[in-house]
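Accompanying notes for the structure given below.
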Amino acid sequence: DGDDAEARLKRASAYAPPDARFWPVVRIRNDKSLAEGVDRFVAAITRPAAFCVPVLGLVGCSASGKSTVCAELPAAAVIAADDFYKPRDACPRFDLAADIRWPAGVPDAFQERGNADLNHPDSVDWAACADAVDAAVDKVVDAGGAGVVVVEGLLLLGAGAERVRDRCAQLVLLDDGYDDPAKQKVLWRRKWTRSGHLGKKSYEERGVTAEEYAAYWGDYVSAAWKQHGLDRVEAAGRPIHRVDAHADDRSAQVEALLRS
């Protein structure tokens with residue numbers, strides 16, 4: 001009491017030796033005065049539980065159940081990477097006609113969709129996504145610290161998503177059974193018939209046949225997931241928990257990881 005902000009900051013820092021290593025890293029916001037920033041720093045040292053907000057990264061193939069799992073997690077603030085797609089004219093491109101073995105030419109619904117490659121990590125504004133994670137963490141801290149943040153996305157393991165992954169204390173991969181044709185059929189049929197994603201009608205409703213969507217899934221969606229997801233597991237440089245995307249208790253398994 002009575003010390004200026006600089007003196008209080010030095011005293012608070014004395015709690016930790018210079019070579020101390022902490023996990024998880026605690027982010028302390030200082031967007032006002034130095035004194036208020038120091039107040040938060042001191043509070044984080046004296047009451048660390050209120051500032052250590054668990055952030056979990058949930059990654060999986062399209063239609064693997066990420067949104068469903070997030071909806072079933074109690075007291076979780078959810079950040080969806082899908083909300084941070086760049087404008088389509090700023091996304092990478094792929095060749096609709098050449099990259100997919102269509103049964104009889106490119107369907108009209110895919111012609112309308114265009115060739116923006118939304119299954120490429122460069123299509124996501126990761127800086128904005130990371131800022132949203134930080135804002136969600138700050139909101140939990142301001143509310144007293146009793147909460148968790150989940151960031152979910154198809155491309156969280158991709159090159160360029162490091163800023164978001166670095167904020168995650170744990171990463172969970174919903175294992176879709178990439179090499180199992182029966183499990184893949186469950187996923188593509190779910191995606192083919194799903195309405196409302198990104199504000200669109202289902203591809204079935206837009207006149208795409210099951211055979212056409214199966215070609216699109218195998219040659220493009222699944223192939224992109226392998227390239228930017230499964231093949232990037234080791235590149236993440238950290239342990240990744242795997243949960244069976246087809247398991248009835250998948251949400252309970254993820255919740256158990258959060259509790260741990």
Side-chain angles (χ1 to χ4, degrees), residues 57-67 80-129 152-165 173-236 245:
L58 183 64
V59 60
C61 182
S62 292
S64 60
K66 299 182 296 296
S67 298
D82 280 0
D83 292 337
F84 299 93
Y85 274 118
K86 298 173 182 176
R88 296 211 172 194
D89 59 3
C91 295
R93 296 286 188 264
F94 73 109
D95 193 325
L96 268 170
D99 292 348
I100 300 167
R101 293 166 290 182
W102 301 107
V106 182
D108 290 344
F110 285 100
Q111 294 281 13
E112 294 170 5
R113 175 204 182 279
N115 63 350
D117 190 352
L118 301 183
N119 287 266
H120 192 289
D122 287 349
S123 292
V124 179
D125 185 343
W126 294 110
C129 186
E152 62 94 349
L154 161 70
L155 299 164
L156 280 181
L157 297 181
E162 292 83 2
R163 290 185 63 176
V164 175
R165 288 200 303 273
L173 186 150
L174 290 179
D175 191 341
D176 60 294
Y178 175 81
D179 294 319
D180 187 325
K183 289 183 176 180
Q184 288 300 297
K185 185 176 182 179
V186 170
L187 295 192
W188 73 251
R189 289 190 67 87
R190 181 185 298 163
K191 184 78 171 182
W192 174 53
T193 59
R194 185 171 68 182
S195 299
H197 182 60
L198 299 179
K200 301 289 186 180
K201 292 182 178 180
S202 72
Y203 277 105
E204 182 184 29
E205 292 171 317
R206 285 181 271 169
V208 176
T209 68
E211 185 182 11
E212 289 169 335
Y213 196 82
Y216 172 73
W217 180 273
D219 290 345
Y220 171 58
V221 177
S222 184
W225 163 239
K226 185 176 188 301
Q227 178 183 358
H228 301 298
L230 294 177
D231 289 351
R232 292 275 307 170
V233 167
E234 291 187 7

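- Arg113 pairs by the salt bridge (Lys or Arg N to Asp or Glu O under 4.0 Å) definition with nothing, not counting sequence neighbours.
- The side chain to side chain contact (heavy atoms under 4.5 Å, CB included) search around Glu205 returns Ser195, Lys201, Ser202, not counting sequence neighbours.
- The shortest non-hydrogen separation linking Cys61 to Ser64 is O-OG, 2.7 Å.
- Take Lys226 and apply the salt bridge (Lys or Arg N to Asp or Glu O under 4.0 Å) test, not counting sequence neighbours, and it matches Asp231.
- Heavy atoms only, all atoms of each residue included: Gly114 and Phe94 are closest at O-CE2, 4.4 Å.
- The structure places CH2 of Trp225 at 10.5 Å from CD of Gln184, a figure rounded to the nearest 0.5 Å.
- In plain terms, the two heavy atoms of Gly207 and Glu212 that are nearest each other are O-OE1, 4.1 Å.
- The side chain to side chain contact (heavy atoms under 4.5 Å, CB included) search around Asp179 returns none, not counting sequence neighbours.
- With rounding to the nearest 0.5 angstrom, the SG atom of Cys129 is 8.5 Å from the CG atom of Asp83.
- Listed by chain and number, the residues in a side-chain hydrogen bond (donor to acceptor under 3.5 Å, both in side chains) with Glu204 amount to none (sequence neighbours excluded).
- Annotation: Phe110 is in aromatic contact with Trp102 [ring centroid separation under 6.0 Å].
- Qualifying side-chain hydrogen bond (donor to acceptor under 3.5 Å, both in side chains) partners for Asp122, counting only residues two or more places apart in sequence or in other chains: none.
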side-chain contact (heavy atoms from CB on, under 4.5 Å) evaluation trace for His120 with Leu155: CA-CA 7 Å; His120 192 289; Leu155 299 164; 5.7 Å; no
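- For Lys86, the side-chain hydrogen bond (donor to acceptor under 3.5 Å, both in side chains) test picks out no residue, with sequence neighbours left out.
- A pairwise comparison of heavy atoms in Arg194 and Ala63 identifies NH1-CA, 4.3 Å as the closest pair.
- Taking the six-membered ring for Trp and thresholds of 30 and 60 degrees, Tyr203 and Tyr213 have ring planes inclined between 30 and 60 degrees apart.
- Considering CG of Leu157 and CD of Glu162, their distance stands at 10.0 Å, rounded to 0.5 Å.
- Applying the side-chain hydrogen bond (donor to acceptor under 3.5 Å, both in side chains) criterion to Asp99, with sequence neighbours excluded, gives no partner residue.
- With sequence neighbours excluded, the residues satisfying side chain to side chain contact (heavy atoms under 4.5 Å, CB included) with Arg93 are Asp89, Cys91, Asn115, Ala116.
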Chi angles and distances behind the side-chain contact (heavy atoms from CB on, under 4.5 Å) call for Leu187, Trp192: CA-CA 9 Å; Leu187 295 192; Trp192 174 53; over 6 Å; no
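- Under the salt bridge (Lys or Arg N to Asp or Glu O under 4.0 Å) criterion, Asp117 pairs with no residue, sequence neighbours left out.
- When side chains are defined from C-beta on, Asp125 does not count as touching Tyr85, because their heavy atoms never get closer than 4.5 Å.
- Remark: of the listed residues Leu58, Leu156, Val59, Leu58 is the sole one forming a side-chain contact (heavy atoms from CB on, under 4.5 Å) with Lys66.
- Here Asp108 pairs with nothing under the salt bridge (Lys or Arg N to Asp or Glu O under 4.0 Å) rule; sequence neighbours left out.
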side-chain contact (heavy atoms from CB on, under 4.5 Å) between Val186 and Arg190, intermediate numbers included: CA-CA 6 Å; Val186 170; Arg190 181 185 298 163; 3.7 Å; yes
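- Under a 3.5 Å cut-off, the side chain of Asp175 and the backbone N or O of Ala245 do not form any donor-acceptor pair.
- The shortest side-chain heavy-atom distance between Trp126 and Pro121 falls under the 4.5 Å cut-off.
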Intermediate values then yes/no, side-chain contact (heavy atoms from CB on, under 4.5 Å), Leu96 and Tyr220: CA-CA 9 Å; Leu96 268 170; Tyr220 171 58; over 6 Å; no
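- Residues meeting the side chain to side chain contact (heavy atoms under 4.5 Å, CB included) test with Ser62, sequence neighbours left out: Asn119, Leu154, Lys191, Trp217, Val221.
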